[in-house]
Amino acid sequence: MFLAENIPSMGYSTYSVKPEKNKTISKSTLKANRFLLENEFFGVRIDSLTGCVAGIIDKQNNQEVLDRASIGNLIQIIDDFGDSEGFLGSPEGDFESYKDGSYVRWTGNTSNVRDYTDIELIENGPVRTTIQIKRKFQLARFIQRVYLYPGIDRID
């Protein structure tokens with residue numbers, strides 16, 4: 001794995017892989033364990049009880065980015081009584097369905113998927129570090145991955 005750099009927005013670049021003798025590998029800025037990812041831009045803290053992102057430190061501005069009452073990467077299951085076009089009644093009132101003229105009302109019921117079945121540090125190399133969170137809700141299964149790269153001020 002490598003970081004492709006200087007790729008034109010409307011073009012491409014070609015890379016070749018070939019061995020180099022006596023090449024020293026530069027030290028990575030990445031640090032990680034099962035509940036923490038860090039690069040030179042961010043520190044991402046995962047809650048050990050829920051598997052959700054509990055905090056994001058912006059190292060450039062020395063401040064917490066995620067509000068204390070907020071939860072990152074929370075999966076919400078929302079009751080959907082809409083039609084195939086995605087029309088859904090609002091909590092404020094009903095609307096007429098385009099299909100059969102019947103009224104549909106959104107109940108506003110949501111379920112937060114806060115439990116996880118597994119959290120694992122699946123990558124911890126010089127190019128990328130990744131935490132994987134597995135969750136389940138009834139018959140559904142979810143896999144979330146949080147990625148950090150050195151030199152890139154973005155959390156994927």
Side-chain angles (χ1 to χ4, degrees), residues 1-80 82 85-92 106-156:
M1 180 181 287
F2 70 98
L3 289 176
E5 297 178 322
N6 302 320
I7 300 172
S9 63
M10 298 297 285
Y12 66 93
S13 293
T14 304
Y15 298 90
S16 298
V17 178
K18 53 186 175 183
E20 277 189 32
K21 294 182 181 179
N22 302 325
K23 175 75 175 172
T24 57
I25 298 173
S26 61
K27 184 158 172 47
S28 176
T29 59
L30 298 174
K31 297 176 188 170
N33 63 45
R34 282 180 55 209
F35 302 106
L36 180 69
L37 296 175
E38 283 188 62
N39 67 6
E40 63 270 34
F41 300 103
F42 298 106
V44 180
R45 195 174 71 257
I46 306 293
D47 186 314
S48 63
L49 297 176
T50 65
C52 293
V53 174
I56 300 173
I57 299 291
D58 177 350
K59 292 182 177 182
Q60 304 300 306
N61 296 303
N62 197 28
Q63 67 179 10
E64 175 66 38
V65 176
L66 194 61
D67 184 272
R68 297 182 107 192
S70 299
I71 299 172
N73 73 314
L74 176 67
I75 294 175
Q76 288 190 316
I77 309 300
I78 301 172
D79 285 345
D80 183 357
E85 284 80 33
F87 292 104
L88 185 66
S90 71
E92 293 82 32
W106 177 45
T107 64
N109 292 334
T110 62
S111 299
N112 293 331
V113 183
R114 293 178 186 254
D115 298 329
Y116 64 88
T117 58
D118 186 44
I119 292 182
E120 184 179 2
L121 179 64
I122 61 171
E123 287 182 298
N124 193 15
V127 176
R128 179 170 73 185
T129 186
T130 307
I131 292 177
Q132 177 174 274
I133 303 116
K134 292 183 179 179
R135 303 178 187 281
K136 65 180 179 176
F137 179 81
Q138 296 176 358
L139 297 176
R141 302 294 180 260
F142 305 95
I143 294 177
Q144 295 175 298
R145 293 187 178 127
V146 182
Y147 301 95
L148 275 185
Y149 300 86
I152 298 177
D153 62 344
R154 181 183 74 223
I155 302 165
D156 293 341

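- Within the structure, salt bridge (charged side-chain N to carboxylate O under 4.0 Å, His left out) pairs that include any residue of residues 53-62 comprise Glu38-Lys59 (at least two apart or interchain).
- In this structure, CG on Asp156 lies 8.5 Å from OH on Tyr147, to the nearest 0.5 angstrom.
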Can you give me every donor-acceptor pair (side chain of residues 29-36, partner residue at least two apart or in another chain, under 3.5 Å) with its distance?
residue : atom : partner : partner atom : Å
Thr29   : OG1  : Glu40   : OE1          : 2.5
Asn33   : OD1  : Phe35   : N            : 2.7
Asn33   : OD1  : Leu36   : N            : 3.1
Arg34   : NE   : Ile119  : O            : 3.0

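- Checked against side-chain contact (heavy atoms from CB on, under 4.5 Å), Tyr12 has the following partners two or more places apart in sequence or in another chain: Thr14.
- Distance CD1/Ile77 to CD/Gln138: 8.0 Å, rounded to 0.5 Å.
- Other residues, nucleotides and ligands place no more than 12 heavy atoms under 6.0 Å from the CG atom of Asn62.
- For Asn73, the side chain to side chain donor-acceptor pair (under 3.5 Å) test picks out Gln144, with sequence neighbours left out.
- Legend: residues meeting side chain to side chain donor-acceptor pair (under 3.5 Å) with Asn6, ordered by chain and number and at least two apart, are absent.
- Remark: Leu139 pairs with no residue by the side-chain contact (heavy atoms from CB on, under 4.5 Å) rule, at least two apart or across chains.
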Cut-off 3.5 Å, no hydrogens considered: what does the side-chain donor-acceptor table look like for residues 46-57, sequence neighbours left out?
residue : atom : partner : partner atom : Å
Asp47   : OD1  : Leu49   : N            : 2.6
Asp47   : OD1  : Thr50   : N            : 3.3
Thr50   : OG1  : Cys52   : N            : 3.1

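- Across all non-hydrogen atoms, the minimal contact from Phe41 to Gly151 is CE1-C, 3.5 Å.
- Residues that satisfy the salt bridge (Lys or Arg N to Asp or Glu O under 4.0 Å) test with Arg141, not counting sequence neighbours, are absent from this structure.
- Qualifying side chain to side chain donor-acceptor pair (under 3.5 Å) partners for Gln60, counting only residues two or more places apart in sequence or in other chains: none.
- More than 12 heavy atoms of other shown residues, nucleotides or ligands fall within 6.0 angstrom of atom CG in Asp118.
- Looking at residues two or more places apart in sequence or on another chain, you find no salt bridge (Lys or Arg N to Asp or Glu O under 4.0 Å) involving Arg135.
- Atom CD of residue Glu120 and atom CD1 of residue Ile131 lie 10.5 Å apart, to the nearest 0.5 angstrom.
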Would Thr129 and Glu123 count as a side-chain contact (heavy atoms from CB on, under 4.5 Å) here? Give the steps. CA-CA 5 Å; Thr129 186; Glu123 287 182 298; 5.6 Å; no
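- Summarising the geometry of Thr130 relative to Leu37, their closest heavy-atom pair is N-CD2, 4.4 Å, with the distance given to 0.1 Å.
- The line from CG of Asn124 to CD1 of Ile122 is 11.0 Å long, rounded to the nearest 0.5 Å.
- Leu3 meets the side-chain contact (heavy atoms from CB on, under 4.5 Å) test with Val127, Tyr149, Pro150, Ile152; sequence neighbours excluded.
- For the atom pair Asp115 CG and Ile133 CD1, the distance stands at 13.5 Å (nearest 0.5 Å).
- When the side-chain contact (heavy atoms from CB on, under 4.5 Å) test is applied to Ala69, the partners found at least two apart in sequence or on another chain are Asp67.
- The CD atom of Gln76 lies 11.0 Å from the CZ atom of Phe137; values are rounded to the nearest 0.5 Å.
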